[in-house]
Amino acid sequence: MFEKLKQEVWQANQRLPESGLVILTWGNVSVIDRKAGVIAIKPSGMPYESMTPEDIVICNLEGDVVDGSRRPSSDLLTHLELYKAWPDIGAVVHTHSTFATMQAQTGEDLEPLGTTHADTFHGAVPCSRELTGEEIRRAYERETGHVIVQTFQERDLDPMAVPGILVSRHGPFTWGADAAHAVENAVILEQCARMAIMDRLLRPDLGPVSQALLDEHYYRKHGVHATYGQG
Ligand SMILES: [Zn+2]
């Protein structure tokens, strides 16, 4: 069952170590099939090299396994909260990629410092607040999802215009309409964080790009007036 979905999720998970985003087993990709009411996710703690499409776990939206013999990634409940809150997203990626994680550990937003950032993220990539001790003890993974959704609600951000977040003291989550876009956004977020951290070494007081440049680059690639690419 769900062979095509498992193949897609397996392939997307393989892209994480291939792109240099992940070492060991420090990352996962999931995809939702909203019609079937299931999500497919990486099995917990399994090396990418030995994983096959059959190892991908299929769960319902309550997090119960409905197909597959493995245990799902421990981040499953975080992914589920994002799918429930945001009907337009089709895939979620979590990694501990070095530079995005460094930025997340500072607890500060990743400001848009240039057009590389503006092409994909229409504004700063927010950093969430830290989880409280009570949230961590009660339902850590689910509360991580809550704090992500809460950050977007409080700041009135559109998750499709800013397709990623830094969870404070933890690391990046990205998403997209499908697995390919969600992984691409993870690669771009890592590269933007890398450049921003280096930029701040060169010029510690560097501020964000102008709204005009941010808008120009973002809307060249997104929305009804996009002109970038081959249409
Ligand atoms: Zn993590």
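Whatever order the structure lists ligands and atoms in, that order sets their numbers, starting from 1. Throughout, residue positions are numbered sequentially from 1 according to the sequence presented.
- Both Tyr83 and Trp175 are assigned to one and the same hydrophobic cluster, defined by single-linkage of ILVMFWY side chains at heavy-atom distances under 4.5 Å.
- Annotation: Asp205, atom CG; neighbour count of heavy atoms from other residues, nucleotides and ligands within 6.0 Å is above 12.
- Under the 3.5 Å distance criterion, the side-chain polar atoms of His222 are matched with a main-chain donor or acceptor of Asp119.
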Report all side-chain donor-acceptor pairs from residues 163-173 shorter than 3.5 Å, counting only partners two or more places apart or in another chain.
| from | atom 1 | to | atom 2 | distance (Å) |
| --- | --- | --- | --- | --- |
| Arg169 | NE | Glu130 | OE2 | 3.1 |
| His170 | NE2 | His94 | NE2 | 3.1 |
| His170 | NE2 | His96 | NE2 | 3.3 |

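- Hydrophobic cluster membership for Met102: Phe99, Ile197, Met198, Leu201 (Ile, Leu, Val, Met, Phe, Trp, Tyr linked by side-chain heavy atoms under 4.5 Å, directly or transitively).
- Below the 2.8 Å limit, the Zn ion (ligand 1) has as protein N, O or S neighbours His94 NE2, His96 NE2, His170 NE2.
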Would you list the atom pairs, donor with acceptor, under 3.5 Å between side chains in residues 54-66 and any protein atom, with sequence neighbours excluded?
| from | atom 1 | to | atom 2 | distance (Å) |
| --- | --- | --- | --- | --- |
| Asp55 | OD1 | Arg70 | NE | 2.9 |
| Asp55 | OD1 | Arg70 | NH2 | 3.2 |
| Asp55 | OD2 | Thr52 | N | 2.9 |
| Asp55 | OD2 | Thr52 | OG1 | 3.4 |
| Asn60 | OD1 | Glu62 | N | 2.9 |
| Asn60 | OD1 | Gly63 | N | 3.1 |
| Asn60 | OD1 | Asp64 | N | 2.9 |
| Asn60 | ND2 | Asp64 | OD2 | 3.3 |

